[in-house]
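These notes concern the structure reproduced below.
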Amino acid sequence: MTGATSVGRQAEVAEYAAAVRAALTDVPADRCEELLEDLEDHLAEVAADGDAPLEFRLGSPRHYADELRTAAGLPVAPPAEDDQVGLTELVTRLRSWAPVRQVEAFLPELRPAWWVVRAWAAVTAVDVVFVGGTSFPVPTLGLGPVGLLITGAAIAWSVRLGLQARAEGREPGRHAALVNAGLGLLTLVALVGLADGPGVATAERVYVEDAQPDHLVHEDGTPITNILPFSSTGEPLTGVLLYDQDGRPIDGLADVTVDGESVETVPDAPLQPGNAYPQQRQVLSWDQYGEETAVPMPLPSIAPSAGIEPSTGIEPSTGVAPSAGVTPEPGPAVPGETPGTGPGAPPTP
Amino acid sequence: MDTTQLLKGVLDLAVLAVLDGEDGYGYDVVRRLRAGGLEEVGDASVYGTLRRLYAAGHLTSYVVPSAEGPHRKYYGLNVSGRAQLEIATKTWQGFADTMAALLTTDPEVAA
């Protein structure tokens with residue numbers, strides 16, 4: 001021995017010994033005393049052998065106590081202190097549990113997915129909060145294709161950020177953790193918004209239906225259930241084929257009158273193209289016995305009439321009535337189509 | 001191979017053997033074991049082993065006042081300790097022979 005133990009070292013020994021005893025509080029007192037009777041003296045010998053601190057030479061008191069347990073044949077498991085396990089300790093224990101360790105090991109593999117999700121969540125949350133409803137799965141901010149582009153750009157940017165961070169080997173700092181937590185919150189907002197989604201989506205669909213009817217209508221919304229062509233002289237025409245500017249056949253007569261009655265093409269009418277007018281239509285109604293009755297819709301009289309008015313009782317209003325000033329082209333101007341070759345019913349003379 | 005794992009099984013024998021030559025106090029036993037080649041032996045392991053062997057009645061102990069530092073508790077083998085050492089030695093030698101045989105015959109078996 002190279003000299004007496006200094007006062008400072010005595011304090012160090014006492015402190016270390018106390019910590020070792022504290023780690024062995026689950027051991028019965030008499031057994032513990034039998035084991036640790038001269039622990040302080042022993043540690044003082046160790047301390048006197050060098051200048052290095054005891055913790056450096058012997059490890060932590062906790063570790064020393066564990067080693068002591070094994071050597072002395074004490075139960076290894078330290079179940080004590082369970083009642084005062086701190087949150088940190090709990091997390092540490094949880095993370096040492098094998099399944100948790102395995103999940104933790106592959107979580108980094110999921111990072112790219114998170115980069116996509118966080119961008120999606122941010123845009124969706126904006127959609128939900130500021131636009132008041134979102135489209136699933138890709139939020140459009142109510143801007144249609146532009147919104148899709150914005151979402152795509154947000155995802156690209158987010159993934160780029162993630163790749164950059166990974167390339168630089170940066171561990172996410174406190175700042176990044178805060179941002180990620182915020183985005184996690186936005187993900188929640190987005191999901192809640194989606195859960196409310198069906199109502200929003202239905203309203204949207206109704207709106208679309210109103211804006212784009214699937215049948216012919218007037219500007220005021222009155223359904224067009226038939227088209228009755230007349231010549232400039234007031235003669236009703238039949239088998240007139242109608243096309244739009246692109247040569248697309250104009251068909252799609254309304255199946256419901258403005259009064260809500262069902263209208264259909266007479267089933268046994270002579271076959272003619274869907275854009276040949278007028279068509280033989282009939283209004284369906286039901287009598288008090290539930291029997292279906294079909295009432296043919298009046299057509300202009302076939303016979304040429306001298307007057308402007310067709311004899312059917314259907315009066316083309318004066319504005320609509322063909323006047324001398326308006327000279328319709330003799331044949332249908334149909335680019336790219338040859339309606340004359342169609343199987344249309346020939347106009348009855 | 002992890003020598004600390006091997007050490008756990010033979011530490012009793014090693015401590016008994018060290019004390020058979022000459023009585024010693026705790027840290028003295030640690031140093032003699034390390035000097036003898038068991039460099040990785042832990043202080044707590046030796047101290048715990050000494051205390052257990054003592055509690056089991058294999059060791060005598062007596063305090064020697066030290067002029068330089070604390071009193072030193074010396075340990076030595078009693079009759080029970082010597083018997084224990086004898087048994088443990090035989091066990092170890094039998095085990096070591098078995099292992100040696102395994103390790104030397106194994107290549108021939110493979111060949």
Side-chain angles (χ1 to χ4, degrees), chain A residues 1-14 16-17 19-21 23-24 27-50 52-76, chain B residues 2-16 18-19 23-35 38-75 84 88:
Chain A
M1 282 299 109
T2 54
T5 316
S6 71
V7 176
R9 300 233 72 176
Q10 274 176 10
E12 185 195 353
V13 165
Y16 193 94
V20 171
R21 289 178 196 276
L24 295 169
V27 179
D30 53 340
R31 186 90 174 80
C32 195
E33 193 41 46
E34 185 184 74
L35 181 67
L36 303 177
E37 195 183 49
D38 59 348
L39 179 66
E40 278 81 357
D41 288 347
H42 175 75
L43 290 176
E45 290 284 353
V46 177
D49 195 34
L54 281 180
E55 285 237 15
F56 179 78
R57 293 172 56 187
L58 302 176
S60 72
R62 175 80 194 214
H63 173 79
Y64 192 91
D66 285 345
E67 196 179 318
L68 207 55
R69 269 177 207 274
T70 312
L74 291 173
V76 179
Chain B
D2 191 356
T3 46
T4 54
Q5 288 296 324
L6 291 175
L7 210 50
K8 273 180 193 166
V10 296
L11 192 53
D12 279 25
L13 177 58
V15 168
L16 288 171
V18 162
L19 289 179
D23 291 357
Y25 58 93
Y27 190 53
D28 179 45
V29 173
V30 175
R31 281 192 297 193
R32 276 153 67 181
L33 285 171
R34 285 176 181 166
L38 301 177
E39 280 120 5
E40 291 171 47
V41 74
D43 185 83
S45 297
V46 176
Y47 180 72
T49 302
L50 278 173
R51 295 306 301 175
R52 179 166 47 75
L53 291 174
Y54 177 73
H58 299 314
L59 303 180
T60 57
S61 90
Y62 52 98
V63 173
V64 175
S66 163
E68 302 164 333
H71 297 311
R72 287 175 178 152
K73 183 176 277 186
Y74 275 74
Y75 297 94
Q84 186 67 24

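To find a chain, count down the sequence lines: A is the first, B the second, and so on, and within it residues start at 1.
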Subject >> Set of residues satisfying ring-ring contact (aromatic ring centres under 6.0 Å, His included) with respect to A:Tyr16, sequence neighbours excluded >> reply: A:Tyr64

Subject >> side chain to side chain contact (heavy atoms under 4.5 Å, CB included) evaluation trace for B:Tyr27 with A:Asp41 >> reply: CA-CA 10 Å; B:Tyr27 190 53; A:Asp41 288 347; over 6 Å; no

Subject >> Summary of salt bridge (charged side-chain N to carboxylate O under 4.0 Å, His left out) pairs that have at least one residue in residues 53-64 of chain B, sequence neighbours excluded >> reply: none

Original post:
Once you round to the nearest 0.5 Å, how far does CG of A:Asp38 lie from CZ of B:Arg72?
Top reply: 13.0 Å

Subject >> Under 4.5 Å from a heavy atom of chain B, the part of A:Leu58 involved >> reply: side chain

**OP:** Among B:Gly48, B:Ser45, B:Ala44, single out the residue with the greatest number of heavy-atom pairs under 4.5 Å to chain A.
**Re:** B:Ala44

**OP:** May I ask you to decide whether A:Asp49 forms a salt bridge with B:Arg31, counting only side-chain N to carboxylate O separations under 4.0 Å?
**Re:** yes

**OP:** Might you point out which heavy atoms bring A:Glu67 and B:Gly42 nearest each other, and give the distance in Å?
**Re:** OE2-CA, 3.1 Å

**OP:** With rounding to the nearest 0.5 Å, note down the distance linking CG in A:Leu39 to OH in B:Tyr47.
**Re:** 5.0 Å

Original post:
Between B:Val30 and A:Glu45, is any pair of side-chain heavy atoms under 4.5 Å apart?
Top reply: no

Original post:
Got a sec: does the CZ of A:Phe56 have more than 12 other heavy atoms crowding it under 6.0 Å?
Top reply: no

**OP:** Keeping the roles fixed (side chain from B:Arg51, backbone from A:Leu36), state whether a donor-acceptor pair exists under 3.5 Å.
**Re:** no

**OP:** List the atom of A:Ala72, the atom of B:Arg52, and the distance in Å for their closest heavy-atom pair.
**Re:** O-CD, 3.1 Å

